[in-house]
Amino acid sequence: MAHDHTIPQRWEHYTAQDHAVWKTLFERQTALLPGLACAEFVEGMRHLPISAQGIPNFAELNDVLKPQTGWQVVAVPGLVPDEVFFEHLANRRFPSGNFIRGANQLDYLQEPDVFHDVFGHVPMLMHPVMADFIQMYGEAGLRAQRIGKLTELARVYWYTVEFGLVKEVVNGAQALRIYGAGIASSFTESVYAVQSASPHRIGFELERVMRTNYRIDDFQESYFVLDSLDDLLGLARIDFAPVYERLNHGPSYQPGDVLPTDTVLHRGSGAYHCAHTAVSA
Ligand code: HBI
Ligand code: FE
């Protein structure tokens, strides 16, 4: 492994079983996403060599991705240290796990694998706005880490790049669509995020989000919704220093909180998480 934690993808080492898992995941997700994923995600996917055939070859992805937005995918063994992760993003390299989950764990995994990273993230990296935004996150991450503000900054990434929803006009009516990779790569959460009555859907507001904890072990209780992906452009240019200063004072919020100041697009019933607590209690 190199100092930047990259490894060769070794595409030829994937087994028939690995490619079969990819095919299963790809096919069920591709059948599900029309009407759930945003137009930019669908468009990015359409131009990339990502198909049911098998795990994509990163070199082939990069032949399309790099000329489009300057991004490239590099292989890593799994989660990498924050600093290494940010250094890659700041240089428009997206670290992707090179392994794929087992056939016995299609819906749950602790570490991002090649399906989450490539199917979930790479289509949005074809979009110039997201391309700039994630590079900025890498740069801001390096600074945040030095000044002890990573917890706050990581919430921005979580509620946008991983679990973001965006408004979209569909047949003259406003609809909510997925752009976050954590949702787009999840069979169960993609339907839940857009269609379930359970979660709150709240207009995205930077400081509000940076005060809000998130759950990593279950569906989100709240999603934050952008008016447009172009809103990320403003976020990419923000000077976080005064924001961090304000965050030193005032409250922090739990994932299911709704505030009087929120723009509530849908007030969730909370039914999903109620049922789950009841079962596990
Ligand atoms: N490493 N490979 C990988 N993928 C991630 O998404 C990732 C990571 N290391 C750290 C990290 N994410 C997050 O904890 C940061 O965004 C804070
Ligand atoms: Fe991710």
Side-chain angles (χ1 to χ4, degrees), residues 1-9 25 29 37 41 44-45 50 56 58 61 65 71-101 107-127 130-131 133-165 178-190 193 209-210 212-220 223-224 232 235-236 240 244 247:
M1 185 167 65
H3 68 282
D4 65 359
H5 290 245
T6 59
I7 53 174
Q9 185 189 15
L25 291 167
Q29 209 60 15
F41 182 94
M45 188 66 87
I50 298 179
F58 293 176
L61 288 177
L65 179 60
W71 276 82
Q72 53 185 316
V73 179
V74 295
V76 292
L79 283 172
V80 299
D82 291 338
E83 191 169 339
V84 173
F85 185 62
F86 296 139
E87 188 68 40
H88 281 303
L89 300 186
N91 291 285
R92 295 201 178 222
R93 293 186 301 265
F94 196 84
S96 169
N98 79 331
F99 70 97
I100 191 153
R101 67 196 75 179
D107 292 309
Y108 176 77
L109 73 166
Q110 286 159 312
E111 278 193 279
D113 72 344
V114 65
F115 186 76
H116 167 78
D117 283 327
V118 168
F119 187 97
H121 284 285
V122 177
M124 292 308 295
L125 288 172
M126 293 282 283
H127 188 55
M130 188 57 97
F133 181 68
I134 302 187
Q135 179 191 342
M136 172 290 291
Y137 177 75
E139 292 163 359
L142 291 169
R143 282 191 298 271
Q145 202 176 31
R146 286 196 291 270
I147 60 172
K149 294 294 176 190
L150 195 49
T151 302
E152 289 77 5
L153 185 72
R155 291 168 180 160
V156 180
Y157 189 83
W158 189 266
Y159 284 119
T160 57
V161 174
E162 294 292 354
F163 290 94
L165 296 178
I178 299 160
Y179 72 91
I183 317 176
S185 63
S186 167
F187 186 59
T188 45
E189 189 155 0
S190 50
V209 163
M210 292 181 85
T212 307
N213 289 299
Y214 54 83
R215 37 197 322 156
I216 61 166
D217 59 332
D218 205 342
F219 293 165
Q220 302 303 304
Y223 298 94
F224 292 94
L232 295 175
L235 284 179
F240 280 100
Y244 293 140
L247 292 173

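Because the structure is predicted, anything quoted here is derived from the model rather than measured. Both counts, for ligands and for their atoms, begin at 1 and track the order of listing. Quick note: numbers below take in every heavy atom, side chains included, and nothing from hydrogens, waters or symmetry partners.
Here is the list of ligand 1 atoms found below 4.0 Å of a heavy atom in Tyr137: 15 (C), 16 (O), 17 (C). Atom numbering of ligand 1 starts at 1 in the shown order; those under 4.0 Å from a heavy atom of Gly78 are 2 (N). The ligand atoms of ligand 1 that sit less than 4.0 angstrom from a heavy atom of Phe86 are 17 (C).
Rounding to the nearest 0.5 Å places OH of Tyr214 at 9.5 Å from CD of Gln220.
For Trp158, the closest heavy-atom approach to ligand 1 does not fall below 4.0 Å. Residue-ligand proximity: Gly141 is placed with every non-hydrogen atom at 4.0 Å or more from ligand 1.
Not one N/O/S atom of Asp117, from backbone or side chain, sits under 2.8 Å from the Fe ion (ligand 2).
Note on His121: its N/O/S atom closest to the Fe ion (ligand 2) is NE2. Here the N, O or S atom of Glu162 that is nearest to the Fe ion (ligand 2) is OE2.
Checked against salt bridge (Lys or Arg N to Asp or Glu O under 4.0 Å), Arg143 has no partners two or more places apart in sequence or in another chain.
Using a distance-only test at 3.5 Å, with no hydrogens or angles considered, a donor-acceptor pair links the side chain of Gln29 to the main chain of Ser186. For His116 (side chain) and Gly97 (main-chain N/O), no donor-acceptor pair under 3.5 Å exists by modelled atom type. Between the side chain of Asp4 and the main chain of Thr6, a donor-acceptor pair closer than 3.5 Å is present.
Taking 4.5 Å as the limit, some side-chain heavy atom of His5 sits within range of a side-chain heavy atom of Pro81. Side-chain contact between Leu153 and Tyr137: present, with at least one pair of heavy atoms (C-beta onward) separated by less than 4.5 Å.
Taking only non-hydrogen atoms, the option from Asp82, Val156, Val76, Val80 nearest to atom 13 (C) of ligand 1 is Asp82.
Among all non-hydrogen protein atoms, the one lying nearest atom 5 (C) of ligand 1 is Phe85 CE1, 3.3 Å.
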